[in-house]
Amino acid sequence: MPQIFTPTADTWLRALAAVGAVGLVGLSLFGAGFARSDWLTREGYPQSQPVPFSHKHHVGDLGIDCRYCHSDVEVGRYAGLPSSHVCMTCHSQLWTGAAVLAPERASFAEGRPIAWTRVAALPEYVYFDHHIHISRGVPCVECHGRVDRMPLTWRAKALEMRFCLDCHRNPAPRLRPPDQVTRMDWTGWREDPANRDYGRRAMARFHIQPAKLTDCNICHR
């Protein structure tokens, strides 16, 4: 009876199976790494904007409070984006002819809002309320990072589910006095004996219960 397969056929079959297995493992590792990559989460990537607004200049150098531009952050679910009217309270007198501010002047004159690019946008299936976090003492820097050092704004944290859960499971170290939430630099704050136990006391005062904060319906409604 004639031989159907060559003597090396079995060797080739084993080699192809090994290559396939290695490729499958490699593809799985690549997929897992890609899902956690900064490129996908956009963490650390400056966003292009119609006007290249610098938080470093306005917040870091000039000391403008976050709430001046994000005026709804203490009262509503959304922080709010600054209207052209807010920007022009200063720029109707400062840098009035700067070419870079031309879109802002046109927006103000035409009554048409600037189409800012959202940097910290969450998926539609995630419910997040700025007001409740601010009123309980979660500082802006906890989620948005040191915006006072950002010439162009980028996403400082990945804002994935695990990031939120880490905070909800152990809120105390992240809590600050509600009237200090816009403060960027907390160097040495914890070392002050009066502040060391602040988080635990704040949790008791506001009846914050981590066991309830990890319920699915807290963020998915």
Side-chain angles (χ1 to χ4, degrees), residues 35-38 40-45 47 55-56 58-60 62-82 116 118-150 153-221:
R36 295 175 178 270
S37 68
D38 294 345
L40 187 64
T41 63
R42 309 311 296 167
E43 183 179 352
Y45 285 78
Q47 295 291 318
H55 277 86
K56 181 181 183 299
H58 291 82
V59 179
L62 300 179
I64 296 176
D65 190 281
C66 305
R67 291 164 291 196
Y68 184 76
C69 295
H70 303 287
S71 56
D72 294 333
V73 72
E74 293 181 298
V75 296
R77 179 181 172 187
Y78 301 102
L81 294 173
W116 298 105
R118 292 284 298 275
V119 174
L122 295 174
E124 292 183 0
Y125 55 80
V126 177
Y127 178 87
F128 181 85
D129 189 333
H130 276 86
H131 158 257
I132 191 64
H133 289 80
I134 293 295
S135 65
R136 296 301 183 263
V138 180
C140 305
V141 70
E142 193 64 38
C143 297
H144 297 292
R146 293 297 300 270
V147 295
D148 59 322
R149 296 175 177 173
M150 298 181 185
T153 310
W154 58 79
R155 183 179 293 193
K157 306 290 178 66
L159 301 181
E160 295 176 324
M161 183 175 175
R162 56 179 172 163
F163 172 76
C164 301
L165 284 174
D166 284 345
C167 184
H168 280 202
R169 287 168 178 154
N170 186 25
R174 299 166 173 84
L175 299 179
R176 304 290 187 268
D179 63 348
Q180 295 289 312
V181 291
T182 61
R183 178 177 172 182
M184 292 284 113
D185 184 8
W186 291 93
T187 304
W189 190 83
R190 275 287 168 209
E191 283 65 38
D192 187 334
N195 300 328
R196 267 179 212 157
D197 200 34
Y198 177 81
R200 186 188 62 79
R201 289 185 279 112
M203 288 181 65
R205 174 188 173 193
F206 294 120
H207 308 289
I208 299 173
Q209 302 176 48
K212 292 184 177 180
L213 290 179
T214 54
D215 286 348
C216 299
N217 63 1
I218 292 292
C219 301
H220 304 290
R221 302 183 181 184

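Applying the side-chain contact (heavy atoms from CB on, under 4.5 Å) criterion to Val138, with sequence neighbours excluded, gives His133, Glu142, Leu175. Residues satisfying the side-chain contact (heavy atoms from CB on, under 4.5 Å) test with Ala121, not counting sequence neighbours, are Arg118. Contacts of Gln47 classified as side-chain contact (heavy atoms from CB on, under 4.5 Å), with partners at least two apart in sequence or in another chain: Arg42, Gln49, Thr117, Val119. Evaluation of the side-chain contact (heavy atoms from CB on, under 4.5 Å) rule for Tyr78 yields no partner, not counting sequence neighbours.
Of all heavy-atom pairs between Ile208 and Pro171, the closest is CG2-CG, 4.1 Å. Closest of all the heavy-atom pairs between Ala156 and His144 is CB-O, 3.3 Å. Closest of all the heavy-atom pairs between Trp186 and Pro177 is CH2-CD, 4.4 Å. Summarising the geometry of Tyr125 relative to His220, their closest heavy-atom pair is O-ND1, 3.2 Å, with the distance given to 0.1 Å. The shortest heavy-atom contact between His70 and Leu81 is CE1-CD2, 4.3 Å. Residues Phe163 and Cys143 approach most closely at CE2-SG, 4.0 Å, considering heavy atoms.
The CG atom of Asp166 sits 11.0 Å away from atom CD of Glu160, with the distance rounded to the nearest 0.5 Å. In this structure, CE on Met184 lies 8.5 Å from NE2 on His55, to the nearest 0.5 angstrom. Atom CE of Met161 sits about 10.5 Å away from atom NE2 of His168, to the nearest 0.5 Å. Distance check, rounded to the nearest 0.5 Å: NZ of Lys157 to SG of Cys164 gives 11.0 Å. In this structure, CG on Asp129 lies 11.5 Å from CD1 on Ile218, to the nearest 0.5 angstrom. To the nearest 0.5 Å, atom CD of residue Glu43 and atom CG of residue Leu159 are 8.0 Å apart.
Note on residues 62-72: pairs passing salt bridge (Lys or Arg N to Asp or Glu O under 4.0 Å), not counting sequence neighbours, are Asp65-Arg67, Arg67-Glu74. Applying the side-chain hydrogen bond (donor to acceptor under 3.5 Å, both in side chains) rule to pairs touching residues 192-216 yields Asp197-Arg200, sequence neighbours excluded.
Side-chain atoms of Cys66 and Val73, non-hydrogen and from C-beta on, never get closer than 4.5 Å to each other. Here the side chains of Asp148 and Lys56 are not in contact, with every heavy-atom distance at 4.5 Å or above.
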| said: What verdict does the side chain to side chain contact (heavy atoms under 4.5 Å, CB included) test give for Arg169 and Leu213, after you've listed the backbone C-alpha separation in whole Å, the side-chain angles of each residue and the deciding distance to 0.1 Å? | reply: CA-CA 7 Å; Arg169 287 168 178 154; Leu213 290 179; over 6 Å; no
| request: Under the side chain to side chain contact (heavy atoms under 4.5 Å, CB included) rule, what do Phe206 and Ser135 come out as? Steps first, then yes or no, please. | output: CA-CA 10 Å; Phe206 294 120; Ser135 65; over 6 Å; no
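Checked by atom type and distance alone, the side chain of Arg149 never pairs as donor or acceptor with a backbone atom of Gly145 at under 3.5 Å.
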